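On a predicted model such as this, the values are computed, not experimentally measured, just so you know. Letters A, B, ... are given to chains in the order of the sequence lines, protein chains preceding strands, and every chain is numbered from 1.
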Amino acid sequence: MGTTASKSMRNVFGETLTELTQQDARTVALDGDLGNSTRLAFVEKENPSAFLQMGIAEQNMVGVAAGLASCGQIPWVCSFGAFISRRAYDQIVVSVDQPSLNVKLVGSYSGLLTSNTGKTHHSFEDIAMMTLLPNMVVLSPGDALEARQAMEAMQRYDGPVYLRLSRDETLDILPGSDRKFAIGKSYQLASGQNVACLSTGAMTPRVYEAVQNLQEEGVHVTHLHFPTIKPLDEQAIVAAARQHDHLITIEEHFVAHGFGGMVSRVTSRDEPVRMTRIGIEDAYSQCGKDPELLDEHGLSSDALTERLRTIYEQVSSS
Amino acid sequence: MDQLIMHAAGIRKGVIETVYQQKQGHVGGPLSAADILSVLYFDIMTIKPEDPDWPERDRFVLSKGHSAIGLYVTLALRGYFPYAELATFDALHSRLQAHPDMTKLPGLDMSTGSLGQGISSGVGMALAAKRQNKAYKTYVLLGDGESQEGQVWEAARVAERYQLGNLVVIVDANNLQQYGWQSDDKNGRDTPDSNHGAKWKAFGWNVSEVDGHDISALKETLQHITSAPDGKPKAVIAHTVKGKGVSFMEGNFKWHSNVPTDEEFEHAMSELEEV
Ligand SMILES: Cc1ncc(C[n+]2csc(CCOP(=O)(O)OP(=O)(O)O)c2C)c(N)n1
């Protein structure tokens with residue numbers, strides 16, 4: 001841990017999708033003119049007949065995917081998270097989710113780290129929007145290896161899925177690289193007392209680092225990673241709520257209606273517990289380099305170390 | 001005329017310098033639009049840089065919002081804000097965001113960055129002028145790749161229906177987008193859409209075609225169409241070259257968004273100095 005992974009999530013995405021198209025000829029990649037950024041271009045290079053350039057027209061692209069899926073094809077549609085979710089939402093609802101078609105939607109460059117492009121390109125709404133849809137499975141892997149495993153599971157799964165990817169090198173593989181990915185399952189990365197941290201996506205490696213930092217100080221908190229946001233691993237949430245005094249959810253998304261909101265829906269119903277929801281607060285973001293933005297929003301490993309310690313001390317002294 | 005040519009060169013230099021210094025930003029699109037921006041801001045548009053909110057001002061919408069740095073350099077050269085502020089482009093807490101943010105920088109008439117949306121707000125501005133009996137005109141700079149968005153054509157239809165003769169859309173037709181389609185072109189990619197004029201005509205617009213790097217032709221065309229008596233909205237198809245002005249960037253999709261190396265920077269600046 002702590003070192004940067006040799007491979008970025010987006011490169012692994014491009015490589016894995018290329019393989020999936022080679023293994024199953026029904027598989028087809030749809031690009032919204034961002035293939036050189038998202039690495040969908042790998043598919044075009046290695047297997048050109050499995051690549052369709054739909055141009056800068058996300059709404060149409062999602063509709064075309066629905067039609068392809070209705071005829072037995074397996075379309076993978078990819079754009080930046082901001083555009084695929086916000087721009088094409090009604091198409092996703094009516095043409096994909098309501099008929100429950102086998103369309104794989106990929107939001108690349110999700111969250112805050114979008115290569116310094118600012119608020120138009122940040123996606124802090126996509127978890128909320130996608131989890132709202134009754135038939136949608138929502139996956140949010142924490143490292144490049146898990147992104148690959150999630151894609152293989154998506155390919156086997158028959159139905160609409162949203163895959164939330166980060167652009168850059170995540171921190172190196174999460175521990176337990178032998179773990180088996182399964183849709184709907186969470187994983188425990190650290191165990192401790194009083195406080196449990198629940199994180200998703202590329203936040204998990206940063207939380208993992210923060211939890212390690214605290215361990216060195218003799219503070220032990222539990223850490224659970226949720227690569228699936230829907231269907232949510234409710235059992236693990238209820239168990240964590242029973243065993244701890246305080247839950248902390250952490251995500252690169254608006255806190256108001258994201259992963260934390262999904263978790264608190266479960267706890268408020270089944271096992272009420274004090275919670276802190278960490279993420280993007282209720283204001284628009286702006287440009288900045290990745291480390292600056294993480295610091296600005298209190299989401300860097302260092303900022304998280306402080307925040308988790310503060311909560312831990314409050315919980316332990318009350 | 002020479003002045004406008006100098007301003008266009010100044011815009012190009014400012015773009016290259018800023019992107020090089022900040023190690024961020026789009027290059028090809030701003031360079032293809034530099035001559036258009038020069039003619040609009042230094043000749044055609046009625047504006048008051050010292051009073052950016054002046055209600056009677058002509059409006060400008062950068063629908064292809066990723067070319068923001070081109071617009072910022074133009075605004076700085078025109079006196080909207082100190083030139084030195086360009087050094088904050090794309091930095092944390094800057095007014096010069098990667099995509100235009102009207103809540104931050106005076107002189108920006110609309111926030112953009114998600115392609116296809118700017119033209120619709122331009123339609124709204126033109127409608128507002130009519131409803132308020134104002135004489136200002138609204139100019140929208142649209143990408144040719146951007147024109148793949150269905151919203152562009154939704155806007156085109158409504159503008160025709162309400163006879164928005166006070167609306168001018170300039171299409172920066174540089175035949176490239178970010179990635180586009182494979183082609184036999186020397187750089188391997190293009191935007192296979194050569195018939196912009198016919199499309200806008202079919203939507204009932206008054207269409208002109210012009211070399212988007214010929215300053216005097218641009219000026220004449222814009223003067224001519226804005227004085228046209230008809231109520232039709234106006235489309236100017238500006239035939240341009242992406243990366244125009246820097247030989248190794250011209251017509252190469254890789255310079256859509258790329259940071260020059262030290263050598264490339266020197267090379268680009270020396271070419272632009274020659275203008
Ligand atoms: C809705 C939306 N989809 C995708 C993008 C990402 N994007 C930014 S610029 C660009 C290409 C634009 O091409 P064009 O309009 O031709 O502009 P130019 O070539 O003049 O730079 C793309 C796909 C975006 N900003 N908005």
**Request:** Heavy-atom distances under 4.5 Å only: say whether E146(B) touches chain A with side chain, backbone, both or neither.
**Result:** backbone

**Fill in**
Heavy-atom closest pair (A98(B) atom, N116(A) atom, distance to 0.1 Å) is CB-O, 3.6 Å

**Crowding at NZ, K104(B) (>12 non-hydrogen neighbours, <6.0 Å)** = yes

**Complete:** Between E44(A) and Y179(B) the two heavy atoms that sit nearest each other are OE1-OH, 2.6 Å

**Fill in**
Cut-off 4.5 Å, heavy atoms of chain A, and the answer for T103(B) is side chain

**Message:** Show, in sequence, the C-alpha distance, side-chain angles and deciding distance for Q178(B) and D33(A), and conclude whether the side-chain hydrogen bond (donor to acceptor under 3.5 Å, both in side chains) test is met.
**Reply:** CA-CA 6 Å; Q178(B) 175 173 327; D33(A) 192 34; over 6 Å; no

**Request:** Please name the pair of heavy atoms, one in R87(A) and one in S114(B), separated by the smallest distance, quoted to 0.1 Å.
**Result:** NH1-OG, 3.0 Å

**chain B contact via E296(A) - which portion, at a heavy-atom distance below 4.5 Å** = side chain

**Message:** Between H93(B) and chain A, with a heavy-atom cut-off of 4.5 Å, which part of the residue counts as in contact: side chain, backbone, both or neither?
**Reply:** both

**Prompt:** Looking only at heavy atoms, which two atoms of T117(A) and H99(B) are closest? And how far apart?
**Reply:** O-ND1, 3.0 Å

**Step-by-step side-chain hydrogen bond (donor to acceptor under 3.5 Å, both in side chains) determination, R189(B) to Q53(A)** = CA-CA 12 Å; R189(B) 313 227 48 109; Q53(A) 178 58 269; over 6 Å; no

**Prompt:** chain A heavy atoms under 4.5 Å from S257(B): which part of the residue, side chain, backbone, both or neither?
**Reply:** neither

